[in-house]
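To start, the structure under review is shown below, and the notes come after it.
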Amino acid sequence: MVPPKPAVLVTRRMPSAVLAQLDAVGEIDLHTEPDDLTHEALCARLRGKQGIICVFTDRIDAAVIAAGDQLRVIATVAVGFDNIDVTAAATRGIVVTNTPNVLTGATAELTWALILAVTRRLGEGERVIRRGAWSGWTFDFMLGTELRGKQLGIIGAGRIGRAVAAVAPAFGMRAVFAARPGGDVSGPETAAAVLPLDQLLLSSDVVSLHVPMRAETRHLIDRRALARMKRSAFLINTSRGPVVDEAALVWALEERLIAGAGLDVYEREPRVHEGLLSRENVCLVPHLGSATRETRATMADLAARNVVAVLCGRPAITPVRLPTGGRSQTAGVRRKQEGFASIRRTSGDTES
Ligand code: DGY
């Protein structure tokens with residue numbers, strides 16, 4: 001008797017070429033509605049499935065994983081996997097895969113788009129024209145900040161952070177990386193430009209965040225960090241919303257402790273803090289980091305190839321590794337405080 005084909009839950013519409021790959025090895029249960037599957041629906045639809053292709057808004061927690069009684073592979077169409085309880089999956093011998101590398105270029109591009117948009121006031125200028133409020137060219141109208149000769153401080157020296165840094169010389173900027181608390185940025189190409197985090201915050205003209213979402217990176221940018229930045233500096237976040245304490249950011253903008261922010265990600269997506277919505281010096285885009293046709297197709301293709309590999313008994317192409325040491329929340333918070341150990345808030349520190 002021919003064994004039944006394995007079944008795979010796909011939580012979003014995917015390109016037909018991607019579905020065809022899955023179709024060749026298994027039965028597809030495709031969620032076609034635009035809304036996320038509820039937690040309950042995820043649990044119900046996962047029963048009897050060997051694989052799942054999900055996105056970062058699907059919360060794949062221990063209960064969902066337990067409901068997947070036959071689950072062998074969880075493939076997220078994202079590089080970040082903070083929505084998945086990877087420890088619960090590992091305990092049950094389930095492989096978790098993500099889509100690194102393929103979205104590096106698109107996310108780095110969007111980072112630069114935000115840097116340019118906020119320093120040259122593009123959103124603000126657009127809004128002026130659209131509401132018919134532009135009365136013509138004047139010598140000192142809507143002056144922005146030039147990038148040439150300035151310092152770009154990058155927090156997070158993974159693929160995306162390095163790709164953003166690689167573009168800096170084209171704009172005449174010097175890129176520096178933050179040393180991780182208790183460790184340095186590895187790699188010879190960055191060895192000459194690594195600063196302790198507080199020094200980076202004090203001296204950079206643009207600070208760009210590229211860390212994964214973990215206990216120790218939650219609210220990495222809080223009131224203390226923002227108070228360290230130059231009054232003329234801009235904050236860019238294309239990583240994960242909760243890396244920035246949004247209420248603290250609103251406070252820093254209101255107090256004019258920084259010059260502006262370019263944000264792609266938010267603490268409670270799709271909600272955006274009211275205090276950000278009303279500010280002209282903040283450029284807001286709706287989590288578009290990897291949102292190009294080319295990149296999304298490649299991400300979906302890689303996720304499908306990971307599922308096919310595991311279901312066919314081969315190693316996954318891009319398995320995720322458990323965060324080192326499986327640190328507790330408390331340990332994470334302690335590590336963050338160590339990172340800021342040398343920070344002292346004095347009134348003069350935030351002057352540019
Ligand atoms: C990712 O890949 O983590 C993005 O945030 C989702 O596209």
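Start at 1 and go down the list; that is how both ligands and their atoms are numbered.
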How far is atom 3 (O) of ligand 1 from the closest protein heavy atom, and which atom is that?
Arg240 NH2, 2.8 Å
Considering heavy atoms of the protein only, find what lies nearest to atom 2 (O) of ligand 1 and give residue, atom and distance to 0.1 Å.
Val79 N, 2.7 Å
Sub-3.5 Å N/O-N/O distance, Met299 and ligand 1
no
Is a side-chain donor-acceptor pair under 3.5 Å present for Thr238 with Thr111?
yes
Just checking, is any N or O donor in the side chain of Arg12 or Thr57 under 3.5 Å from an acceptor N or O on the other one?
yes
Please give me the minimum heavy-atom distance between Arg131 and Glu280, naming the atom from each residue.
NH1-OE2, 4.1 Å
Under-4.0 Å heavy-atom contact with ligand 1, by part of Arg296 that carries it
side chain
Can a donor-acceptor pair be found, under 3.5 Å and without considering hydrogens, that links the side chain of Gln50 to the backbone of Pro6?
no
Relative to the heavy atoms of [X], which atoms of ligand 1 are at a distance of less than 4.0 Å?
X      : answer
His287 : 4 (C), 5 (O), 6 (C)
Ala78  : 1 (C), 2 (O), 3 (O)
Ser290 : 7 (O)
Leu103 : 2 (O)

Is there a path of hydrophobic side-chain contacts, each under 4.5 Å between heavy atoms of I, L, V, M, F, W or Y residues, that connects Phe56 with Val73?
no
If you count the non-hydrogen atoms of other residues, nucleotides and ligands that lie under 6.0 Å from CD in Glu146, is the total more than 12?
no
